Amino acid sequence: MGTATARRPSVLRMAGGGVHFDGLKAVDDVSIEVRSGQVVGLIGPNGSGKTTTLNLLSGMLRASAGTIRLDDVDLTSMSMRKRVRLGVVRTFQSGRVFARLTVLENVEAAALGSGLGRRRARALAAGIIDELGLRPDADRRAESLTAGRIRITAIARALACRPRFLLLDEPAAGQNESEAVSLIRSIRGFAQDRDCGVLLVEHDMAVVMQTCDHLHVLDSGRTVAEGAPADVRRDPRVIEIYFGKRH
Amino acid sequence: MKMFASSSRSAQTPILLVCLGLLTALVGATAGLTVGRVAMVTLISLVFVIGQSTFTGNSGVMSFGHVAFMAIGAYTTAYLTIPVPLKGVLFAELPHSLRFLAHVHAPFIPAVLLSGLAALVLGLVTAPVVARLSGLQSGIATLALLVVVYNVLNSWTAVTRGSSSMIGIPRNTTTWLAFAFVVAAVIVSWAYKKSRSGLQLQASREDYWAAVASGVAVGRHRAVAWILSAFLCGVSGSLYAGFLMSFNVNAFFLSATFAFTVMIVIGGYLSLSGAVVGAVAVSVLQEFLRRLQDGEFTGGSALPAGLADLLLAAVLLIVLIKAPLGLMGVRELRLPGRRRSQRAEAAKGAAGAEGEVRAPV
Ligand SMILES: Nc1ncnc2c1ncn2[C@@H]1O[C@H](COP(=O)(O)OP(=O)(O)OP(=O)(O)O)[C@@H](O)[C@H]1O
Ligand SMILES: [Mg+2]
């Protein structure tokens with residue numbers, strides 16, 4: 001996998017990105033940047049626009065304002081599939097595996113989708129399945145797995161697309177404690193070994209704190225804070241959002 | 001390693017499907033005229049449903065238009081095999097640009113393949129539309145294809161004889177020839193299912209957006225499957241023409257579409273085995289019901305007309321309620337094995353729709 005061929009460090013960047021649904025500004029003037037090898041956390045309360053931001057970056061939604069670029073390439077109006085081919089790959093908050101295909105087929109289909117030939121797709125899929133500990137389930141249909149394993153299958157599938165930027169929407173949801181811990185460790189591993197940039201949407205502050213190099217906090221579609229995790233945690237607006245409103 | 005066990009064992013399914021076809025052919029070759037005829041129609045239906053399933057099973061997109069491909073195949077075969085002198089009489093009013101059609105002639109097997117190719121061309125022309133549609137839209141669009149082709153065949157009298165029958169087609173379709181094409185269709189369809197394109201198309205069947213998010217060019221793979229299935233359905237139309245010797249445009253319209261849809265839906269429209277099992281099961285059932293209606297089991301007194309259709313509809317409803325994905329669900333036929341994972345799965349899915357019916361082997 002993580003061949004040490006030093007690729008030129010890349011940047012995936014959304015500048016002033018925005019989209020609205022019937023007047024609701026789901027994402028409003030958000031600028032966010034991920035560099036290869038970096039894990040950026042995207043946090044915020046329910047409905048704050050995290051998934052919508054991922055939708056904009058991945059091309060599932062077209063931005064009505066702002067630009068999205070991968071280095072010199074303008075992605076703003078590029079189709080989702082073309083972005084995948086350039087290495088911008090996302091997972092879904094709800095998993096969305098290919099339910100009635102086996103785990104191996106799930107991962108292999110993605111490897112084929114990203115343009116590999118049959119044999120290389122097989123080899124890549126087998127490697128990723130081993131890497132994520134999915135081997136015992138490789139020949140089982142995805143729908144028969146536990147929620148946690150389904151998540152991991154979805155991540156395996158994203159890795160099979162050979163991402164340069166990996167956009168993960170709450171990957172630890174539905175995982176039990178130990179699964180979550182090892183997943184977090186793997187996410188750091190993806191960034192380091194694959195020199196891949198990771199944008200991690202996550203609710204759990206503790207998880208975010210130990211995983212991310214940089215944090216970006218959204219509330220009601222707007223950026224309320226960003227910076228190093230330790231600083232963001234001390235930001236009064238973040239404290240209010242995360243701890244103030246609860247009581 | 002163990003991980004790839006499923007692929008090494010996957011030749012089981014096509015072999016079992018061919019065995020079902022062989023059984024049908026053996027019955028046809030040894031039984032009397034009536035049963036022989038039923039067996040022949042079953043074999044030809046098998047080629048058709050295998051063709052349609054190549055598209056619907058992998059894409060999950062239902063089609064009501066494949067009979068149009070069958071029609072193109074049948075008409076092409078008529079043109080290629082009716083003796084030239086007879087064609088001069090039948091098609092005296094061919095437009096000038098199509099005059100050459102009165103003189104073309106081909107031996108049967110090339111004619112079958114050319115008929116498949118003619119249907120493939122129609123598939124090629126319609127593929128861009130099919131590639132873009134799903135769900136209800138594609139149901140309507142494929143039905144529109146059927147209606148358009150039917151109307152053209154019905155109205156273009158100078159070329160198609162309109163509503164008059166095509167006659168004088170030599171009988172070339174033998175039981176064993178039909179069986180040979182069943183074998184070929186199983187191989188082609190299975191190979192497609194296991195191909196790169198087939199796997200990606202199945203991924204899009206399971207979740208369209210997740211497939212796109214994995215880089216899958218869904219439209220392209222849909223088009224490939226559509227064109228391949230057009231070819232196979234064209235072949236079945238050709239075999240049908242070579243069996244009937246004369247046919248009418250009405251043979252390729254709604255009632256045929258309904259009959260094939262029943263086979264595919266009862267068997268399970270998401271799997272190749274489903275199409276094959278459905279075609280055989282429905283053919284047997286229909287013959288049984290026909291005999292029932294004719295009074296064969298009630299001491300010779302015929303039962304009310306329409307009873308057979310009514311009972312067939314009832315069976316369809318029961319299957320749809322009990323197993324919405326048909327007898328096979330997304331499963332393929334396999335010998336009962338010691339596959340732990342499969343069994344665990346079956347136990348887990350027992351509450352679900354597909355766990356209900358075991359493969360009849
Ligand atoms: N397709 C859509 N149509 C209309 N409104 C939408 C759509 N998608 C999202 N929204 C709205 O946009 C806002 C942001 O939603 P989004 O899913 O991005 O939030 P989120 O931060 O991912 O929340 P969660 O933590 O619950 O996943 C919400 O108010 C949501 O209701
Ligand atoms: Mg979300």
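Keep in mind that what you see is a predicted model, and the values were worked out from it rather than measured.
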So which part of [X] gets closer than 4.5 Å to some heavy atom of chain B, the side chain, the backbone, both or neither?
| X | answer |
| --- | --- |
| R85(A) | side chain |
| L116(A) | backbone |
| R118(A) | both |

Residues two or more places apart in sequence or in another chain: which of them pass salt bridge (Lys or Arg N to Asp or Glu O under 4.0 Å) with R62(A)? none
Proximal to chain A - members of [range], heavy-atom separation under 4.5 Å:
| range | result |
| --- | --- |
| residues 213-221 of chain B | A213(B), S214(B), G215(B), V216(B), A217(B), R220(B) |
| residues 196-208 of chain B | R196(B), L199(B), Q200(B), Q202(B), A203(B), R205(B), E206(B), D207(B) |
| residues 49-58 of chain B | none |

Has R35(A) got more than 12 heavy atoms of other residues, nucleotides or ligands less than 6.0 Å from its CZ? no
So does F231(B) have more than 12 non-hydrogen atoms from other groups sitting under 6.0 Å from CZ? yes
Among the listed options R83(A), R90(A), E105(A), the residue most often paired with chain B at heavy-atom distances under 4.5 Å: E105(A)
Of all heavy-atom pairs between F92(A) and W209(B), which one has the smallest distance, and what is that distance? CZ-O, 4.0 Å
